[in-house]
Enquirer: 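My questions will all concern the structure given below.
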Amino acid sequence: MPNITLPDGSVRKFDASVTGLQLANDIGPGLAKAALMVLVDGVECDLDHEIKQDSNVSLITRSDDLALKLIRHDCAHVMAAAVQELFPETQVTIGPSIENGFYYDFFRKERFSQDDLETIEKRMHELIDRDDKVKREVWNRERAIEHYKGLNEPFKVELVEAIPEGEVLSFYRQGNFLDLCRGPHAPSTRHIGHAFKLMSVAGAYWRGDSSRPMLQRIYGTAWPDEKKLKAYLLMLEEAEKRDHRRLGRELDLFHMQEEAVGSIFWHEKGWTLYREIEAHVRRRLEAGAYREVKTPQLIDKALWEASGHWDKFRENMFTAESEDDRTLALKPMNCPGHVQIYKQGIKSYRDLPLRMAEFGSCHRNEPSGALHGIMRVRAFTQDDAHIFCTDDQITSESIIFCDLLRQIYKDFGFEDIHVKFSDRPEVRAGDDSTWDRAETALRNACDAAGLETTLNPGEGAFYGPKLEFVLRDAIGRDWQCGTLQVDFVLPERLDANYISQDGSKCRPVMLHRAVLGSMERWIGILIEQYSGRFPMWLAPVQGVVTTITGDADTYANIVFEKCKKAGLRIGKDLRNEKINYKIREHSQAKIPAILVVGEREEDQGTVAIRRLGGKTQEILALDEAINKLVQESTPPE
RNA sequence: GCUGCUUUAGCUCAGCUGGUAGAGCAUCUCAUUCGUAAUGAGAGGGUCAGGUGUUCAAGUCACCUAAGCAGCACCA
């Protein structure tokens, strides 16, 4: 005789157990029709799940956020059903919902083509219109394994075998299609709706393991309604327009070519942007009492062996031989170098915390498939620093760092940040008690800094746990940039010491930290964030002086020189072209301000400023205009 | 690295079933001196990613290599 408490607090009493659907009917037929699943004390269940005890229950319809996951998962099932109808020789494996959609991994000798995707999509619409009932069944292991063996579905057999003894094995049947699945699902296929689209097919390793067979993964996107689907597709188009690789070329920022795969040729404008970003971070670091250093590019492999990197990352390190037969490695990171500087002279507890920063250019031989524009390259520069401190200082240093990080992100227009806590990986250096200490210290620091974190299990660095700072850009994409890592291992391995208050020799802790991550990737992110329309202080060219006709050339030159003298990054365009033509060209080059001068401006000693994207102009006295632009070009305080 | 796809002028792309390259924009030249997102005319520009093969004949077909793209794996 369950008492059902609904989200609005009202309670319904039933004489016997009740299904979600019966409950929905009891509330109203409209709800019964719209309901997709039921949430019983926070657990997602099918609509025909029997509720036997007093519970808090809410019925989920397609307008709920939770429904999205369900619709996508259902969509994955329908896709698998469609594929098996069309291509019966295909083996099905797994198909979850993911951010923005779903996928399903198939094993099939022949490749799915783009045309196949269209055929599959068409069949999916038909299956949805068929409105097959979706029914849950519970099987025992032996039956499940026999079933899949009989169908020659070895991947499914493996899945069943991997499910721990004692766990319920549920299957879902819709029409002729049956799939091993935890559920829940909507009661019939029509609930999926038609706001979905198959996007692409690509390879994916079975169980994410590169030593195992490669399956074909079909990706799709699905939404509660057409409008949301369209909005998503539009967002993808927008992302493509913002692509830093396209804008990098269009705005003449950089290029890349075959002879230097994974390295960037920075053009003047891109390098200006780079230097401006570096200068800003440097200002913030100086204010934060960091000491900037520079360490060697090539270091004997002996140091990398001592640090442990050679063991773990040898494959990804570029090496060179010197005439005395030494093997040198291009540094893939800066920490061992920083420890060498730290170790010069005896350090006292009075020297700690010691914040050692470097814009460290590193080389890593990334696998070819990992390269992506300037976001993932083989030669990059970290805004790196290592804080050498005592155990007691970990918390305060972490808090100070988080403040710095938030400030810098804000300077670049990012305010939406979340933090991931990555704990010990399977393969690691240092014993468990050391890891206990490091993880506890970092957790305490998070608490003290008031950071909310999500756990990222097993994703820590091999020498210590880490925080990863993820920011959200203007079109809702997440980028992992900053990091803070606690390291008790490297100081030990490389024998870094300090003399404590009581005269004894102690190990410092190293905090590895970066805000931007890599300069190159950061610039890629900024290009996409701003869509190439950089704020004045970052814009490679802040303004262009241009003329209505050649009569204004002399005055334009005066304006240009004055702007230059005031420190503005200014260009001039005295070509004999129509003003429309020149406005269009500089607008397309995304120059923030166009300073137009003609006869009128010359007579009155003014300039007409037209802002990027604006339709109007602002007429100001020359000095006033320059002051204003200089003001706007000042980096964030 | 793995799977698939792609590679034609600086850029975006066309080139049917093999018969020896084309457009728009950009560039250059000339004319035009014009008030806020394209002035007109003309010219130049390509070992069709590289290589090997099939063929009387290859941008087009096959194979190899490289790079790029998407995803997977990797990411100190």
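The chains referred to below are lettered A, B, ... by the order of the sequence lines, with proteins before strands, and numbering in each begins at 1.
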Enquirer: Can you give the first and last nucleotides of RNA chain B, 5' to 3', that have an atom under 4.0 Å from a heavy atom of chain A?
Expert: B/rG1 to B/rA76
Enquirer: Exactly one of A/F359, A/F414, A/F380 should register a ring pair (Phe, Tyr, Trp, His ring centres under 6.0 Å) with A/W522. Which one does?
Expert: A/F414
Enquirer: Taking the same atom, P, in B/rA14 and in B/rA49, what whole-Å distance lies between them?
Expert: 14 Å
Enquirer: Between A/R575 and A/D573, is the closest basic N to carboxylate O distance under 4.0 Å?
Expert: yes
Enquirer: Just verifying a value: how many Å separate A/F488 CZ and A/R493 CZ, rounded to the nearest 0.5 Å?
Expert: 15.5 Å
Enquirer: Taking only the P atom of each, what is the distance from B/rC25 to B/rU7 in whole angstrom?
Expert: 24 Å
Enquirer: With a non-hydrogen cut-off below 4.0 angstrom, is A/Y103 in contact with a base, only sugar-phosphate, or nothing?
Expert: nothing
Enquirer: Write down the distance separating the P atoms in B/rA41 and B/rG50, rounded off to the nearest Å.
Expert: 35 Å
Enquirer: In this structure, which one of A/E520, A/H244, A/R249 forms a side-chain contact (heavy atoms from CB on, under 4.5 Å) with A/F254?
Expert: A/H244
Enquirer: Taking the C1' atom of each, how far is B/rU29 from B/rC56, in whole Å?
Expert: 44 Å
Enquirer: What residues form a salt bridge (charged side-chain N to carboxylate O under 4.0 Å, His left out) with A/E118, not counting sequence neighbours?
Expert: none
Enquirer: With P as the reference atom in both, quote the distance from B/rG22 to B/rG59 in angstrom, rounded to an integer.
Expert: 14 Å
Enquirer: Using the C1' atom as the point on both nucleotides, what is the distance between B/rC61 and B/rG19, in whole Å?
Expert: 15 Å
Enquirer: Let me spell it out: for each of A/F112 and A/M333, pick the nucleotide of RNA chain B with the closest heavy atom. Which residue's pick is nearer the 5' end?
Expert: A/F112
Enquirer: Between A/R72 and A/W223, is NZ or CZ placed under 6.0 angstrom from the six-membered ring centre and within 45° of the ring axis?
Expert: yes
Enquirer: Remember a base hit wins even if backbone is also touched, and classify A/N316 as base, sugar-phosphate or nothing at under 4.0 Å, heavy atoms.
Expert: base
Enquirer: For A/V261, report the nucleic acid contact type (base, sugar-phosphate, nothing); a contact means any heavy atom under 4.0 Å.
Expert: sugar-phosphate
Enquirer: Suppose you measure atom P in B/rC64 against the same atom in B/rC74; what distance do you get, rounded to whole Å?
Expert: 28 Å
Enquirer: Need one value for A/G208: base, sugar-phosphate or nothing, where a base atom within 4.0 Å counts as base even if backbone is also close, heavy atoms only.
Expert: sugar-phosphate
Enquirer: Going by salt bridge (charged side-chain N to carboxylate O under 4.0 Å, His left out), name the pairs with one or both residues in residues 90-107 of chain A, residues two or more places apart or in two chains.
Expert: A/D105-A/R217
Enquirer: Given that A/T616 and A/H363 both sit by RNA chain B, which one's nearest nucleotide is further toward the 5' end?
Expert: A/T616
Enquirer: When all nucleic acid strands are considered with a 4.0 Å heavy-atom cut-off, which category describes A/H512: base, sugar-phosphate, or nothing?
Expert: nothing
Enquirer: Any base atoms under 4.0 Å from A/E250, or only sugar-phosphate, or nothing? Heavy atoms, all strands.
Expert: nothing
Enquirer: Counting any heavy atom closer than 4.0 Å, what does A/I583 reach on the DNA or RNA strands: base, sugar-phosphate only, or nothing?
Expert: base
Enquirer: With pairs defined as Watson-Crick or G-U wobble and both distances under 3.5 angstrom, please note down RNA chain B as a dot-bracket string, | for pairing with another strand.
Expert: (((((((..((((.....[..)))).(((((.......))))).....(((((..]....))))))))))))....
Enquirer: What contact category does A/K331 fall into here, base, sugar-phosphate, or nothing, at under 4.0 angstrom with non-hydrogen atoms?
Expert: nothing
Enquirer: Answer with base, sugar-phosphate or nothing: what part of the nucleic acid does A/E601 contact at a heavy-atom distance below 4.0 Å?
Expert: base
Enquirer: Taking only the C1' atom of each, what is the distance from B/rU27 to B/rU12 in whole angstrom?
Expert: 16 Å
Enquirer: Check salt bridge (charged side-chain N to carboxylate O under 4.0 Å, His left out) between A/R376 and all other residues, then give those that pass, not counting sequence neighbours.
Expert: A/E366
Enquirer: Need one value for A/R245: base, sugar-phosphate or nothing, where a base atom within 4.0 Å counts as base even if backbone is also close, heavy atoms only.
Expert: sugar-phosphate
Enquirer: Under 4.0 Å between any heavy atoms, over every strand shown, what does A/R600 touch: base, sugar-phosphate, or nothing? Just pick one.
Expert: base
Enquirer: Check salt bridge (charged side-chain N to carboxylate O under 4.0 Å, His left out) between A/E238 and all other residues, then give those that pass, not counting sequence neighbours.
Expert: A/K241, A/R242
Enquirer: Under a plain distance cut-off of 3.5 Å, with no hydrogens placed, do A/K331 and A/S361 share a side-chain donor-acceptor pair?
Expert: no
